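Take a look at the structure below.
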Amino acid sequence: MKTVVLVAALALATLFANSASATVRRVPLNFATITAALAASGAGDTVLVAAGTYSAGANGETFPLQLTTNRIQLLGAGMDASVLDANGSASVVRHDASQGGRVSGFRITGGSGSLGGGVRIDNGNAEIDHNRIDHNGASVGGAGVFAGNAAAPWIHHNLVLDNFATSSADVHGLRFHQSATGVFEHNLVAHSDGNGLLTVDLAAPIVRDNIFYQNGIPAPLRGRGICWLSETSALITHNLFYQNQVAALLWLGGGGNFSGAMANSYSATDTVYGNVDGDPRFVNAAAGDYRLVLGSAAIDAGDPTWPHDPDGSVADIGPFAYTHVASVPASPGAPIALSLSPNPLRNSGELHYALPARANVRVLLVDPAGRMRRVLDEGARDTGSHTLRWDGRDAAGRPLATGVYYVQLHAGTAVQSRAVVVIR
């Protein structure tokens, strides 16, 4: 597990290096297209993309969006708010910088290419997080995400859904090949035409705490959660597998198809362990709501060593943490409201929330890795509106670095989350 911590720490250190001197470019406020904003950006700059649809028809966008300059941050307003739609013209995002940047807070859809219809990573330690990567196609491999050469991405807290083959080839939802490494954690991979994730050649990503759900097709029969054909040792821990077409996983060291439990027990000395077979029990998968509900096999089933969920419990498997909160339930079905101003935030701002009924409340600040950075409010709160002042600092009083963070409001049985962009 020390390897995972080190990789993640290095990714964050690289991401935020020299952030104090970075320039922020806003789309569409300052630039009509993301393409133009990226072309004008230098190393370490940030491109902030407002909510809306960005496509050739909507705003004249050109695809793929090319991240070729070191440490560029491309930040959207959320996976259901900022939509990048290539409409089948090309891959949506392509990363080829030696020092990784970041792509966070988008719906990435409509991509098409030979490799990496949604996201193609050819170089560097890119961070790809908190995106919905869906309905992208490829003819050779990695319909949703492709990582090749010696890339070492950190891919976390994404929904990788309904990605498909545009040829007769078995292209898979994600593909790591050549010498690609990195960390793939806390994602949901569902409804891929082939395997959810494939590794080949000498690829050696760490694959942990992910949900592989209903991958594969019945005719021609194909599709496991993970197919590890790389010549390196499999690094597969604490993943959940459910209703994948052929099996949970296959890897060369095991020599056959296995369930998660069978894979765990194959050897006491390999790095395939802690995996789970079971129903993740989503709120409403048919409607695209993949949050966990009580009784999910993913709850408290992740790697128990690092990091814990925001509520302090053992990590859950998948992109969304289930919160164990002893509380006074809010009115059944009643919504709660949460807003932030200003957003982006430079120094300080206000959080506003409204409750339809008295409830025990926790307002948490969470970083992109899912770690709780500060409890902003906690306790029993009455019906009505509430306002909090936040100084842009973590629990230790340190100013947060430039980036996207998440404010989570837990009130009774209801949860709301909003992205906040911090700029220094």
Side-chain angles (χ1 to χ4, degrees), residues 111 113-121 128 133-148 153 155 158-178 180-185 187-260 262-263 266 272 275-277 280 317-318:
S114 59
L115 299 168
V119 179
R120 178 169 175 171
I121 307 164
I128 310 296
I133 304 170
D134 70 296
H135 294 93
N136 301 285
S139 60
V140 177
V145 179
F146 169 86
I155 304 173
N158 301 283
L159 302 177
V160 185
L161 312 171
D162 299 292
N163 296 291
F164 57 90
T166 58
S167 68
S168 59
D170 191 0
V171 302
H172 321 292
L174 302 104
R175 176 171 173 167
F176 285 74
H177 88 163
Q178 295 174 323
T181 57
V183 180
F184 184 77
E185 62 181 346
N187 302 284
L188 167 66
V189 183
H191 306 142
S192 306
D193 265 4
N195 299 302
L197 183 148
L198 171 75
T199 69
V200 295
D201 302 326
L202 298 175
I206 295 168
V207 182
R208 70 166 206 160
D209 291 347
N210 305 285
I211 298 174
F212 293 92
Y213 179 77
Q214 295 181 346
N215 293 286
I217 56 177
L221 177 63
R222 62 191 187 196
R224 305 164 186 84
I226 299 173
C227 183
W228 191 286
L229 300 184
S230 171
E231 297 174 27
T232 60
S233 298
L235 305 170
I236 303 171
T237 73
H238 297 92
N239 300 281
L240 184 147
F241 301 92
Y242 186 68
Q243 292 184 343
N244 297 285
Q245 192 67 232
V246 177
L249 69 163
L250 175 148
W251 80 103
L252 291 181
N257 291 308
F258 290 88
S259 67
M262 291 168 59
Y266 181 78
V272 180
N275 298 290
V276 177
D277 303 293
I317 296 175

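Keep in mind it's a predicted model, so treat the numbers as computed, not measured. Excluded from the calculations below are hydrogen atoms, water molecules and symmetry mates; all remaining heavy atoms, backbone and side chain alike, are included.
Expressed to the nearest 0.5 Å, how far CG of Leu252 lies from OG of Ser233 amounts to 10.5 Å. Note: Asn158 CG to Asp134 CG = 11.5 Å, rounded to the nearest 0.5 Å. Atom CD of residue Gln214 and atom CD of residue Gln243 lie 4.5 Å apart, to the nearest 0.5 angstrom. Interatomic distance, Leu202 CG to His177 NE2, rounded to the nearest 0.5 Å: 11.0 Å.
Partner Phe176 forms a side chain to side chain contact (heavy atoms under 4.5 Å, CB included) with one of Leu197, Leu198, Thr181 and no other, that one being Leu197. If you run side chain to side chain contact (heavy atoms under 4.5 Å, CB included) between Phe212 and each of Asn195, Ile226, Ile317, Leu249, only Ile226 comes through. Tested against Ser192 for a side chain to side chain donor-acceptor pair (under 3.5 Å), the candidates Asn215, Asn244, Asn163 yield a single pass: Asn215. The only member of Thr237, Asn275, Asn187 that meets side chain to side chain donor-acceptor pair (under 3.5 Å) when paired with Asn210 is Asn187.
Closest approach of Ile128 to Ile121, counting heavy atoms only: CG1-CD1, 4.0 Å. Nearest heavy-atom pair, Ser230 versus Ala203, reported as atom, atom and distance to 0.1 Å: OG-O, 2.6 Å. The shortest non-hydrogen separation linking Ser167 to Ser139 is OG-O, 2.7 Å. Nearest heavy-atom pair across Ala143 and Ala138 is CA-CB, 3.6 Å. Trp251 and Ala263 make their closest contact through CZ3-CB, 3.5 Å (heavy atoms, listed as atom of the first residue, atom of the second, distance). Nearest heavy-atom pair across Pro280 and Ile211 is CB-CD1, 4.2 Å.
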Let me see the working for His191 and Leu161 under side-chain contact (heavy atoms from CB on, under 4.5 Å), right down to the final yes or no.
CA-CA 6 Å; His191 306 142; Leu161 312 171; 5.5 Å; no
Using ring pair (Phe, Tyr, Trp, His ring centres under 6.0 Å), reason through His135 and Phe164 one step at a time and then give a plain yes or no.
CA-CA 7 Å; His135 294 93; Phe164 57 90; 7.4 Å; no
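Contacts classified as salt bridge (Lys or Arg N to Asp or Glu O under 4.0 Å) and involving residues 234-252 (residues at least two apart or in different chains) are not found. Note on residues 162-172: pairs passing salt bridge (Lys or Arg N to Asp or Glu O under 4.0 Å), not counting sequence neighbours, are Asp170-Arg222.
Side-chain contact check for Trp228 versus Val207: some heavy-atom pair is nearer than 4.5 Å. Side chains of Phe184 and Leu174 form a contact here, defined as non-hydrogen atoms less than 4.5 Å apart. In this structure, Gln245 and Ile217 have side chains that are not in contact, with every pair of non-hydrogen atoms separated by 4.5 Å or more.
Asn257 pairs by the side-chain hydrogen bond (donor to acceptor under 3.5 Å, both in side chains) definition with Arg224, not counting sequence neighbours.
Checked by atom type and distance alone, the side chain of Asp277 pairs as donor or acceptor with a backbone atom of Gly260 at under 3.5 Å.
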